[in-house]
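What follows is a short report on a single structure.
Positions are given from 1, in the same order as the sequence printed here.
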Amino acid sequence: LNFVSCFFSCASAERGHTPSRAARELGAPIRVVPMGMDYMRMLEQPRHGRGRAMNPCIDCHIYMLKKAKQIMEEIGASFVITGEVLGQRPMSQHLQALKLIEKESGLGERLLRPLSARLLKETLPEREGLVDRNLLLDIQGRSRRRQLELAEQMQLKSFSPPAGGCKLTEAVLGRRLEDLFTHLPDYGMIDIRLLTLGRHFRISEKVKAIIGRNEPENERMERLTDHHIGMELADQVGPSMLVRGQPEPHEQETLGRLLRFYAKKATEPEVRIKISRDGQESFFSAREPATEAEVARLHI
């Protein structure tokens, strides 16, 4: 099972790894499970708390394993295997957390962790003879040395990079999610995808802006303009801005100053800004860029 979220991925562009490539290498079928709005509602109020940022690691594992249990029962499988390692992650893979996850996922003794199994209680598939405990491992701790040695022995080339890739551990994304939950209770998947793009600014209770950092981000943002207002320089190349909400005239001026602050090549006394809204275009002038203090105050 490959769980997919805009916050993390098992893929590694540098190493050319993708879950589908790994599955082909193993000769195994792969099933992709998107983590949607039910995951986001869990993220708003995780029962077992968060890490230093917005990462609800224990609840996230429980969420995925509940889904895995449903699929296990659906296809008539006997148990679920994970790649968890005792002590590898400080929040979600210490012994008490592993036991809690077993219980609350509903899998109990049908959850097998082969990499650390000999350090853990015997599971049902071992007792039933479906798995030979003597072939399982006793890896523990944060080092990945033994896992990498094992991959080399088995001639596996496609696997996730050792370092974690979950954006939910990042402080910046944590602030953006907190802002989303506070100011936009009716958010949707487009709002969630936009959290990982650009620079974010809270203009007022009802108005938020996102400014792209480069051309690829500008293009991705423009494809997500469903219920947003678009702003950009009218007469020259520069960053794109998406606006959520309906800005008042004074807020529109603030947005223009922000856009001009990041348009470093726009040095004219007045810079025309184009607004795209509901298929219509209009224009206004930004006479000066925002100050660094103003940018810092509005930045999420």
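D191 and K208 are not joined by a salt bridge, as no carboxylate oxygen comes within less than 4.0 angstrom of a charged side-chain nitrogen. Using a 4.0 Å cut-off between a side-chain N of Lys or Arg and a carboxylate O of Asp or Glu, E102 and R113 qualify as a salt bridge. Looking at E74 and R31, a side-chain N of the basic residue comes within less than 4.0 Å of a carboxylate O on the acidic one, giving a salt bridge.
Linking Ile, Leu, Val, Met, Phe, Trp and Tyr residues whenever their side-chain heavy atoms come within less than 4.5 Å leaves L258 and I300 in two separate clusters.
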Side chain to side chain contact (heavy atoms under 4.5 Å, CB included) evaluation trace for R110 with K69:
CA-CA 9 Å; R110 291 190 180 277; K69 180 176 182 289; over 6 Å; no
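No donor-acceptor pair closer than 3.5 Å links the side chain of R257 to the backbone N or O of A286. Looking only at distances, no side-chain donor or acceptor of S285 sits under 3.5 Å from a matching main-chain atom of V271. The backbone N or O of L43 lies less than 3.5 Å from a partner atom in the side chain of R50, making a donor-acceptor pair.
A53 approaches E170 most closely through the heavy-atom pair CB-O, 3.7 Å. Of all heavy-atom pairs spanning I139 and V85, the tightest one is O-CG1, 3.7 Å. Nearest heavy-atom pair across S276 and E281 is OG-CG, 4.2 Å.
Below 30°, between 30° and 60°, or above 60°: for F201 and H299 the angle between ring planes is above 60°, a perpendicular geometry.
Between the NE2 atom of H250 and the CD atom of E253 there is a distance of 9.0 Å, given to the nearest 0.5 Å. Rounding to the nearest 0.5 Å gives a distance of 8.5 Å between CG of L180 and CZ of R244. Rounded to the nearest 0.5 angstrom, H183 NE2 and R202 CZ are separated by 4.5 Å. Here CG of L137 is found 9.0 Å from CD of Q147. Values are rounded to the nearest 0.5 Å. To the nearest 0.5 Å, the span separating CD on E219 from CG on L197 amounts to 12.0 Å. From I210, atom CD1 reaches atom CG of N218 across 12.0 Å, with rounding to the nearest 0.5 Å.
A cation-pi contact links R41 to Y187, judged by a cut-off of 6.0 Å to the six-membered ring centre and 45° from its axis.
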